[in-house]
Amino acid sequence: MPLIKIDDKEIEVEKGITVLQAAIDERIEIPYYCYHPALSIVGSCRMCLVEIEGMPKLQVSCNTTIGELPPERKKDGKYDMIVRTQTEIVKRERENVLEFLLLNHPLDCPVCDQAGECYLQDYSYKYGRAHSRFLEEKRVRKNEYLGSNVIINHNRCIMCTRCVRFTREISGTNELFVQARGDVSKISIFEDKSLDNMLAGNVIDICPVGALLSTDYIHKNRFWNLEAKKSICTDCSVGCNILVYSQNNRIYRLNARENHNVNGYFICDIGRYGFHRYEDAEKVTSPLIRSDGGFKPISWEGALKEIYEQFSMSMSGEKQQIVGIASPFHTNESLFMFGRLMNNIFKDKSIIGKLPFIEDYEIHFDSGFRISKDRSPNRKGLLDFCPNLEDEILQKVKAGEVRLCYALDDGVDRKLDEEWESFFKSQRFLVVQTYAMTPLAKLAHLILLGPSPMEREGTMTNDQGRIQWLNPSVSLTNKTRPDWEIIMEFMNTVGKRELKYTSVNEVNLEMGERFPDYRGRTFFKIGYQGLPKKNITTSRPSEGRQAIQ
Amino acid sequence: MASFEPILTRHIHREDSHTLSGYKNVGGYKALEKMFKTMAPDEVIEEVNASNLRGRGGAGFPTGVKWGFIPKDSHKPTYLICNADESEPGTFKDRLLLNKTPHMMLEGMIISSYAIDCHLAFIYIRGEFYQEHKILEKAVEEAYATNLLGNDILGSGFDLEVVIHRGAGAYICGEEMGLIESLEGKRGWPRIKPPFPAIEGYLRCPTIVSNVETLACLPHILNRGADWFKSIGSEKGSGPKLYCISGRVNNPGVYEEPLGILLTDLIFKRGGGLIDGRELKAVFPGGSSSAILRADEIDGLRMDFDSLSAAKTMLGSAGIIVMDETVDMVSVCLNIARFYAHESCGQCTPCREGTTWLVKILNRIYQGNGSLNDIDMIFEITDNIGGLIDFSKGSFGKTICPFGEAVAWPIRSFVEKFKDEFIAYVAKGVEVS
Amino acid sequence: MAQNRTFKFTNPQRVEKILSQYPDKRSATLPLLHLAQEQEGYLTSAAIEAVAELVEIHPGEMMDTVSFYTMFYTKPMGKNHVQVCQTLSCSLNGADSLVDHISEKYKIAHGDVSQDGKISLVKVECLGSCDTAPVIRINDSNYESMTVEKFDKIVESI
Amino acid sequence: MATVVTSYEPTFWDKLYIPALFQGLMLTLKHMFKKKVTIQYPDEKHVPPEGYRGLHRLNKYPDGRIRCVACEMCAAACPAHCIHIVPGPSPWEEGKERYPVRFDIDLLRCIFCGFCEMACPEKAIELTEIYDFADYSREGLWIDKAGLLEIYELTKDKNFYDNSNEE
């Protein structure tokens, strides 16, 4: 293990990593633009120059690998490399490079969406010179559409080519390229071959300045107004790690969050723009009960009383009388409570089913990124907590025998086919727990107001068996109750239990007690990076390196 | 110095010098036969090392040492690329060789390939050299026809294919990494080093890139021995060298002289002095990328790698551009700056943005709108693109390839050495306004 | 500008030969582009796509390469494509007056094609004939030690 | 060093108090003939000096475009959180590509500190000299974009109160 010194810090590093990487690992700041840990190294921005003892000129730290020196040639008797990042000459060099970068960069931070999270802005402030010596007119070009969701502002582009390398190395689609050469070069697309792949949105994330803009977010808000919540994506069973940016409980955008066990540095566009589906859905604002062909609001107490009445009627019969429809869109905690309700309270009088899983085509990128064909986030959790799931519930359940059907809502874009529609229609009393007026909710007799996917809190198990924390990115609206709480009230009402969980953590602990695979997988332990289930040692080998930017 | 007889250009005046028979008549391909019969590849490398042959493309790196960098235990194929992408303003020596004795270079290529165990060699020729391309194609065809190329060359068991690859108009493709990228069919953006091409070059395989003139020297070294080669010129750089003289001289052209000849001899004797007997004002000793020299600086200056770096300039491609007293230095400087701005590949920040900025400032001065401040700024900008030029400590290059230095050196030297002219332009502007 | 929507090499053997010379397909990019340009006079989008398909890369990447080099044209040039060297040695020996003469005579600026499509003018960087400056390149031939009169004569003769 | 303080010992005339009484009456008399300071508000209006921080306005370019680009720097700088902006793409072809779709100021919260004016990179928001904008309802003191632009029209050429005096 080579021992190096960066400024005053002695660091032991892996052989063969670069100086920049060693510095990033140690949280020593070396500014850079063109480097990205997932992409190949080009060393063109010249921002990460550092002084290395024994080298006549400044070196780009992104392309300087650390090797081991023979004992007699070690610097100061023990170091394999001595790096200085804060000397006068290095600082002057940063100032110079920034001056060049800013020559033609417009000073339109007030208009730019990147302002506040822009590394050109930050480093200019930190290392740049206060005044421009450039007297000529700046280069001005018109904005262009690169794809249906991506706009480029050529004026702001600093030609780091991260986006071009992304399309070549990660998405493998090659749409972007550099047109022409020298100072007139620009990022471009070939005629009608626009940037419209499944990962296109990531180029906006990796652009270190505000050159690549999302049509979805452009001119919508300012970065400092937004609150970032670390959560996971619920649009497929990969469970990509994301950052959800919101203000006043309204979500403005999603960004990828690094997790080398799951998604690396990127997310797909399905997840990135998926939150609009929940926004656009027709919302339910209060528990509702069917009356005169429509719905009318009802209080929670009223709703629970209604359930109790229907239930006490149903318990008198002999045959199976309770049908539960579980859903892979819910958290482990809700599904655990649901399983308990069905299996422990209704016991053999109940039957648990599910709507058919939503499946689409599976997408694999050569870079290792994947989008699962299973487009529900928690199929693993559903199977774990409802082990006696009945696959052919449509055949098993005969109309007229069921007194009460309790369905958890499914994905917002769930459509019901005829068979299922007639199944639900035939129910004498259908309780649906939902947040939106889905086709299923429209058939309900009683709607219990649960949280939307962005309001839910709990754990999810992805298709690799990794347990991850679904962190609520917006808070619950007035009358909404957490899913587990609704089921708990259900249990207390009909099962005469006296469960008094006050938070999802307590449910999580109880869940760990009863399911050994999940023991010790508390929010505190799984953190923001998740942990595999107990019986799985590794879900996916961790590779790749962290990036500050 | 003993009287010098041209070596590379000795027979170029013959009508048939570019044909195979013409070349063979004057002793061509003898070195090849000798090498196949008597020498092992390692011995060839040793011989070249002993001859102290330094690359003629501009950087002056010892050729034998470069060959030695190729990893011995590599399973990858080795490639040789002949760099015939001669684009340096004021340089036209390779063009002459390609035109007149393409076989000499081919022979050098075969020798070099044999030494580094390469079986596929490329000639990257400048896109603008259309006629030369035709001549070269013919020469390669002839060589294939007479088993000088192809399988089992001259019964030695050594195979070599040669492919001529035409460039398409980019100065930067003369830089070895840019050239390799261009050969791979990509834009000619120089790749970052390390790894160096001798380790990972074309298709990530070991690759040697050599200048036409360097390769043309090889047959002579093998023919007459390293000691003979070493005896020509000075100690620090030996061998014959092609000097290109252009600009305001009576007899512009390519002249072959040993390394270390006096610059004044070249200009006044070979070049025939200045047009109309005018006074010499300034001269580029090594193409437009070298720092310019004032007339009073060239007395006793010898044309070799080390003497010129001592004079804070470089031999480069030995393209001597002569300027007389009537030449306006500001406009020349602008011309040079514009050339580099046009040819900058646009990869590294300082070069992409800095070259255009220089043009804008110089243009402003030229139009009479400059200020004294601008002159100081040119110093700073050139330093920022190409590094602080301190020859005692080496240059502090700041870009991926040496293009940054190639911009900075001449422009800086212009402003440094002809500051009064720049100031005059500024003053003129002030008067007008 | 009407673009050919399809493109086919008229000399497939030549294409085969070029492709066979290189250890990988992509290296054949430049020769194939030259070939396509010789055939059409300039590189149409269809030609770029055809070459991209031959060397198995995305047309975008091909455009990346094409746009880098000054000798590839993506729009039609004049029948006589005049390229005037304007780098130092030529400029010292009067290239600028040549450019002025041509642009005045044919009413074209740098990069333009004359109305009748016969002449197009570009200023290029060093053509490597500094000893015989100024140099002009018309299509593929160099004309050295040019003067205004000489130029007119040459253009007439072509 | 200690300082010796001697207390003032009143003289005979001082003890009479009559000169002092006349002195006071003289001062009163003097002011009877001076110009009066009191302003008969609201019939008459005080004209605030340059730099007075009153009601806000949103500036425009001569061609009618709003200067504001909705960068929300004013909102960020505002200590009272009284500025509410909804940005959007600008409807004009020329100029900056962003503009405020809504720009509301809650005047009841505003403390007229002028930070917004200082924070503005486009010189778009400015405080005017208008101080009398009382209203009967809370809603009336929620000024929107149209209102702010109207204030600009009223104050762009001359002092708001000078204007009213002339008429």
So what's closer than 4.5 Å to chain A heavy atoms on D/Ala70: side chain, backbone, both or neither?
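Contact with chain A: backbone only.
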Chain A contact via D/Pro121 - which portion, at a heavy-atom distance below 4.5 Å:
side chain
Do any of residues 28-40 of chain D come closer than 4.5 Å to chain A, heavy atom to heavy atom, and if so which ones, in number order?
none
Grab the two heavy atoms, one from A/Lys220 and one from D/Pro87, that are nearest each other, plus how far apart they are.
O-CG, 3.4 Å
Crowded around [X] [atom1]? As in, over 12 foreign heavy atoms under 6.0 Å?
X	atom1	value
A/Tyr145	OH	no
A/His276	NE2	yes
A/Tyr125	OH	no

Hey, would you say the D/Tyr152 and D/Phe103 ring centroids sit under 6.0 Å apart?
no
Between A/Tyr217 and A/Tyr245, does the ring centroid distance fall short of 6.0 Å?
no
Pairing donors with acceptors under 3.5 angstrom, does anything connect the side chains of A/Asp216 and A/Ser214?
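Looking only at side-chain atoms, A/Ser214 and A/Asp216 do not form any donor-acceptor pair under 3.5 Å.
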With a 4.0 Å cut-off on N to O distance, would you call D/Arg65 and D/Glu122 a salt bridge?
no
Given A/Asn153, A/Asp108, A/Val111, the one with more heavy-atom pairs under 4.5 angstrom with chain D than any other is A/Val111
Answer with side chain, backbone, both or neither: which region of A/Asn221 has an atom nearer than 4.5 Å to a non-hydrogen atom of chain D?
both
